[in-house]
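Okay, structure first, notes after.
Every chain is numbered from 1 and lettered A, B, ... according to where its sequence line falls, protein lines coming before strand lines.
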Protein chains: 2
Amino acid sequence: MSNNQFKRGELYSVINGVASTSVARRLQKNFRNAGLEITIEQWSILYHLWKEDGLSQQELCTRTFRDKASITRLIDNIEKLGLVERIASKDDRRVNLVYLTDAAKPLQEATYNIANQTMNEALQGISKEEIEIVKSVFQRVYENSK
Amino acid sequence: MSNNQFKRGELYSVINGVASTSVARRLQKNFRNAGLEITIEQWSILYHLWKEDGLSQQELCTRTFRDKASITRLIDNIEKLGLVERIASKDDRRVNLVYLTDAAKPLQEATYNIANQTMNEALQGISKEEIEIVKSVFQRVYENSK
DNA sequence: TTATAATAGTTGCATAACTAACTATATGTC
DNA sequence: GACATATAGTTAGTTATGCAACTATTATAA
C-alpha cells in the first residue's frame, strides 16, 4: 500500500484537521455507498469510544471539540441507533459514561477501512512532511484561538 | 503591524482553509462583541459580494463551496437582515442576481478589520511558508476529494 | 453547617448543512 | 415545432452546531 497509510490513532486527527470539509463529505458518501447509515459526526464519537470505551460526555466534548449540548444530542442519536448506551457513574452522579453496545463493534473494521481508503485518496501526492506541517499549524492555530 | 498582515483577497480563502473551526468560532465571537449581528456564514457571502457585486446564487455556490439549498437559505436570511436583495436576471429568467444594499456597505470595513485582527492573532508564530503549504495542501485535498 | 460557586448534563431557540423531490426556464436534437 | 435533457432556484425533512437558561449534584468557603 502507499506510504500514506496511517496509524490508527492518527486518522481522525488528520481528518478533523486537514480535511474538515471536502474529505468529510467524501467520507460521508463512502459510508453511505457501503450501506453504513451513520454520519461522520456520529462516527467521530464512535472512533473515540473504540479507542477508550466508557468516556464521559464531558470527556467527549474535550476530545471532539464540541460543546455539551452538541454532545448530548449526538449521543441521543447514536443511542437511538442502538450503538451506545449511557450508564450513570457511581462515583459522581452528575456524570454519564458512554459505552459501546455489541451492535457497534462490527462497525469498527468496516468504517476504519473506508476512512483509511478515503484518506489515502484525499492525500495522494501529499508528502508526510506536508501533513506534519499542516497538523502542526492546526494545533498552533487552535491554541492561538481558544 | 506584524508581517502576517494579509492582502484582502487572501483573507477569506485562508479563513475558509486553515481555520474552519477554531478561528471561525473566534471570529464569530469577535463579530458579536463588536455589536455586529451577522454569522460568519453570512459574512462569507457578503465577502464575495464586496469583491464582486451581483453574483448569481449558482456562482456563490461555486465560490463558497456550498450547495444550492444552503445558498437559498443563507440568502433568505441575509435578505431578511436587509443586507442584500435578489434581482431576477434579464438574460436568463432562471437566474437570481444577488446585490448588496446600502445597509451592507458600512459593514465592509468593520468586519474586515475584525477578521484581519482575528487572523493575525490566530496565525501568531506561523510563517508565511507554512501558510502557503497549508493552502496548497488544502487545494490538492479538495481536488482529490471532489 | 449552611450558603455559594462550580460542574455535568438537558432543553429551547436560531442558524446552517446535505439529500431528494419539485417548479420553471433554457438548450439541444430529431 | 416537439420532446428530452440540463440548469437555476425553492422547499421539505433530517442532522448538527452554538448560546443561554435551566436542573441536579458536588466542591468550596464562611
Side-chain angles (χ1 to χ4, degrees), chain A residues 16 20-33 37-45 54-81 83-84 86-98 145-146, chain B residues 16 20-33 36-45 54-81 83-98 145-146:
Chain A
N16 197 31
S20 38
T21 54
S22 51
V23 179
R25 282 184 215 171
R26 166 61 50 197
L27 182 54
Q28 177 74 76
K29 280 180 191 163
N30 290 347
F31 279 168
R32 194 165 311 154
N33 291 342
E37 293 298 330
I38 59 172
T39 68
I40 46 162
E41 292 84 1
Q42 294 166 358
W43 177 73
S44 76
I45 299 294
L55 295 172
S56 69
Q57 295 189 197
Q58 182 55 51
E59 189 57 35
L60 287 168
C61 291
T62 305
R63 298 197 188 189
T64 68
F65 305 98
R66 291 180 173 96
D67 79 345
K68 301 191 261 185
S70 300
I71 292 295
T72 291
R73 278 184 275 239
L74 257 183
I75 302 296
D76 285 348
N77 287 338
I78 305 172
E79 204 168 29
K80 273 182 215 152
L81 295 173
L83 300 175
V84 299
R86 292 171 162 100
I87 297 182
S89 167
K90 288 165 188 168
D91 299 334
D92 185 337
R93 286 196 293 169
R94 294 171 300 183
V95 173
N96 284 340
L97 302 177
V98 183
S145 300
K146 65 181 178 185
Chain B
N16 198 31
S20 39
T21 53
S22 51
V23 179
R25 283 185 215 172
R26 166 61 51 196
L27 182 54
Q28 177 73 77
K29 280 181 192 167
N30 290 348
F31 279 168
R32 195 165 309 155
N33 292 341
L36 301 172
E37 293 298 330
I38 59 172
T39 67
I40 47 163
E41 292 85 0
Q42 294 166 358
W43 177 73
S44 76
I45 299 294
L55 296 172
S56 69
Q57 295 189 196
Q58 181 55 51
E59 189 57 36
L60 287 168
C61 291
T62 305
R63 298 196 188 189
T64 68
F65 304 99
R66 292 180 173 94
D67 77 346
K68 300 191 261 185
S70 300
I71 292 293
T72 291
R73 276 188 272 239
L74 255 183
I75 302 295
D76 285 347
N77 287 337
I78 305 173
E79 204 168 30
K80 274 182 213 152
L81 294 173
L83 299 175
V84 300
E85 55 187 345
R86 291 171 161 101
I87 297 180
S89 168
K90 287 164 188 169
D91 299 334
D92 185 336
R93 285 196 292 169
R94 294 171 302 182
V95 172
N96 284 340
L97 302 177
V98 183
S145 301
K146 67 182 179 185

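- Contact check, A/Gln28 against C/dT19: no side-chain N or O comes under 4.0 Å of OP1 or OP2.
- The 5' end of DNA chain C is approached more closely, in terms of each residue's nearest nucleotide, by A/Ala69 than by the other of A/Ala69 and B/Ala69.
- In this structure, B/Arg66 places its CZ atom 16 Å from P of D/dT17, rounding to the nearest Å.
- In this structure, B/Ile45 atom CD1 and C/dA17 atom C1' are separated by 13 Å, rounded to whole Å.
- Between A/Leu60 atom CG and C/dA8 atom P the separation is 13 Å, expressed in whole Å.
- Across all strands shown, B/Ile71 has no heavy atoms under 4.0 Å from either base or sugar-phosphate atoms.
- Here the straight-line distance linking atom CD of B/Gln57 with atom CD1 of B/Ile71 works out to 7.5 Å at 0.5 Å rounding.
- Here the closest non-hydrogen pair linking B/Gln42 and B/Asn77 is NE2-CB, 3.9 Å.
- Residue contacts for B/Asn96: at a heavy-atom cut-off of 4.0 Å it reaches the sugar-phosphate backbone alone, with no base atom in range.
- Proximity of A/Ile75 to A/Leu60: side-chain heavy atoms (C-beta onward) are separated by under 4.5 Å at one or more points.
- B/Glu41 places its CD atom 9 Å from the C1' atom of C/dA17, with the value rounded to the nearest Å.
- In this structure, B/Thr72 reaches the bases: a heavy-atom distance under 4.0 Å links it to at least one base atom across the strands shown.
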Please assess B/Leu74 against B/Thr64 for the test side chain to side chain contact (heavy atoms under 4.5 Å, CB included), listing each intermediate value before the final yes or no. CA-CA 12 Å; B/Leu74 255 183; B/Thr64 68; over 6 Å; no
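- B/Asp92 places its CG atom 8 Å from the C1' atom of D/dT7, with the value rounded to the nearest Å.
- Between B/Arg25 and D/dG18, a side-chain N or O to OP1/OP2 separation shorter than 4.0 Å is present.
- A sub-4.0 Å separation between OP1 or OP2 of C/dA8 and a side-chain N or O of A/Gln58 is present.
- Within 4.0 Å (heavy atoms only), A/Asn77 reaches sugar-phosphate atoms of the nucleic acid but no base atom.
- A 4.5 Å side-chain heavy-atom check between B/Asn30 and B/Arg26 finds at least one atom pair inside the cut-off.
- Between B/Thr39 and C/dA16 there is a side-chain N or O to OP1 or OP2 distance below 4.0 Å.
- Across D/dG9, C/dG9, D/dT25, the shortest atom-to-atom separation from the side chain of A/Val95 is found for C/dG9.
- Of the two residues near DNA chain D, A/Lys68 and B/Asp76, the one whose nearest nucleotide lies more 5' is B/Asp76.
- On a pure distance criterion of 3.5 Å, a polar donor-acceptor pair joins the side chain of A/Arg73 and the base of D/dG18.
- For C/dT10, the OP1/OP2 oxygens have a side-chain nitrogen or oxygen of A/Arg86 closer than 4.0 Å.
- The residues A/Asp76 and A/Arg86 are annotated as salt-bridged, a charged nitrogen and a carboxylate oxygen being separated by less than 4.0 angstrom.
- As judged by a 4.0 angstrom heavy-atom cut-off over every strand, B/Gln42 is placed among residues touching the sugar-phosphate backbone only.
- For A/Arg94 against C/dT7, a side-chain-to-base donor-acceptor contact under 3.5 Å is present.
- Here the P atom of nucleotide D/dA8 and the CG atom of B/Asp91 are 14 Å apart, to the nearest Å.
- To the nearest angstrom, C1' of C/dA20 lies 11 Å from CZ of A/Arg32.
- Atom CD1 of B/Ile40 is separated from atom P of C/dA16 by 9 Å (rounded to the nearest Å).
- Across all strands shown, B/Lys80 has no heavy atoms under 4.0 Å from either base or sugar-phosphate atoms.
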